[in-house]
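One structure below.
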Protein chains: 2
Amino acid sequence: MELDETDRTILRILQSDARTPFSEIAREIDMSSATVHDRVGRMEDAGVIEGYHAKIDPRAVGLGTSALVGLRIEQGRETDALERLREIDGVQEIHLTTGEWDVVLRLYAEDTDGLRELMFDEISRIEGFSRSQTMVILATDLEAPALPI
Amino acid sequence: MELDETDRTILRILQSDARTPFSEIAREIDMSSATVHDRVGRMEDAGVIEGYHAKIDPRAVGLGTSALVGLRIEQGRETDALERLREIDGVQEIHLTTGEWDVVLRLYAEDTDGLRELMFDEISRIEGFSRSQTMVILATDLEAPALPI
DNA sequence: GTTGAAAAAATATTGAG
DNA sequence: CTCAATATTTTTTCAAC
């Protein structure tokens, strides 16, 4: 789908606040709210807008500990291993990467003990990983909720 | 702030769809929409809900390439280096970690050339980094927009 | 594609238990 | 904290350009 500058402005606004009324967006882009409604609908249909999500403070829900985990997967076991990773509660992201690791995970847990449980009782039990490295996130300095559109 | 099971259910719903009408949430938790309104407002005020954001497909806006970058920072240069990193367009996340790297970044760029520009023209120019490793994300298998509440 | 206006639906507010 | 009722806003639809 082709996006013009108006579409991109709408995306910027909805990225920073998904609950901005269409009427307010309409004022900012100097068009009617019916147009905003139309354009947003088309971007939703086209998959440009994938969804609207509340951002929750992880600590507030008892998930104060996070980590990045690099994994090496033995050849031929990729599909199975990934499928099992996907099913684990606390595995928030799975990225396939170039470089030292084949896969990098982002984990969330209650505390370091929860992290240990995730690593030893869940992830380590999956066959196919030859090596791993855990990087505990001490602090997140920036986690921009919006892409630089 | 103390969250009861009702609050957590509301959070789960708003995480998966931030635009769910309060009336529908009310039906699901079997309370009035005024109560939902009240609880959501209190969770917003308390910072439990940090915001509502549209999730945009990065490829649709020309940001089809992403990478993780590990960095080592020379002692004493942490504050300055982080501040400059924060200002760079395309640096989406900055995590301070234990282990091999002091800092791990998540970058977004148009393509591999944009990634090179980010790395060589922006990040490498910042003083204080002694070593770095770039892991290009070939694919993202999972990127859950919701925490396991 | 866009618009204004009407209809439908949702949210914000109020007052009371 | 919760609710019902009311007031206000927003979303949605639609005929017309």
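Reminder, nothing fancy here: chain letters follow the sequence lines and each chain counts from 1. Every value quoted in this text rests on a predicted model; they were computed, and no experiment measured them.
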Report task. Could you check how far CG of B/D30 sits from P of D/dA4, rounded to whole Å? Result -> 11 Å
Report task. Would you kindly give the CZ-to-P distance between B/R27 and C/dT11, to the nearest whole Å? Result -> 11 Å
Query raised in the report: Taking atom types as modelled, is there a side-chain donor on B/R106 or B/S66 under 3.5 Å from an acceptor on the other?
Result: yes
Query raised in the report: At under 4.0 Å between heavy atoms, what does A/R42 touch on the DNA or RNA strands: base, sugar-phosphate, or nothing?
Result: sugar-phosphate
Query raised in the report: Touch check for A/S23, heavy atoms < 4.0 angstrom, all strands: base, sugar-phosphate only, or nothing?
Result: sugar-phosphate
Query raised in the report: If you check every side-chain atom of A/A34, which of D/dC1, C/dA5, C/dT2 has the closest atom?
Result: C/dA5
Query raised in the report: Between atom CG in A/D38 and atom P in D/dT10, what is the gap in whole Å?
Result: 20 Å
**Report entry** Nearest-neighbour nucleotide for the A/H37 side chain, C/dT2, D/dT2, D/dT11 considered
**Finding:** D/dT11
Query - Euclidean distance, atom CD of residue B/E24 to atom P of D/dT11 [Å, nearest integer] - result: 16 Å
Query - Distance, rounded to the nearest Å, where A/F22 contributes CZ and D/dT13 contributes C1' - result: 14 Å
Query raised in the report: Side chain of A/S32: nearest nucleotide among D/dT11, C/dA10, C/dT3?
Result: C/dT3
Report summary line: Of C/dT3, D/dC3, D/dT11, the nucleotide closest to the side chain of A/P21 is D/dT11
Requested in this report: Ignoring backbone atoms, establish whether A/R19 has a side-chain N or O less than 4.0 Å from OP1 or OP2 of C/dT11.
Outcome: no
Query raised in the report: Expressed in angstrom and rounded to an integer, what is the separation of A/E2 atom CD from C/dG1 atom C1'?
Result: 15 Å
Query - Salt-bridge criterion met for A/R42 and A/D45 (N-O under 4.0 Å) - result: no
Query raised in the report: Out of C/dT11, D/dT2, D/dT11, which nucleotide sits closest to the side chain of B/M31?
Result: D/dT2
Report task. Using the side-chain contact (heavy atoms from CB on, under 4.5 Å) rule, take B/W101 and B/L68 through it: C-alpha gap first, then chi angles, then the decisive distance, then the call. Result -> CA-CA 12 Å; B/W101 307 105; B/L68 294 166; over 6 Å; no
Query - Criterion side-chain contact (heavy atoms from CB on, under 4.5 Å) on B/R19 and A/R19, from CA distance to verdict - result: CA-CA 7 Å; B/R19 294 195 137 187; A/R19 296 194 138 187; 5.6 Å; no
Report summary line: Taken to the nearest whole Å, CZ/A/R39 to P/D/dT11 is 17 Å
Query raised in the report: Should A/D4 and A/R8 count as an ion pair when the cut-off is N to O under 4.0 Å?
Result: no
Report summary line: Separation of D/dT11 atom C1' from A/E44 atom CD, nearest Å, is 12 Å
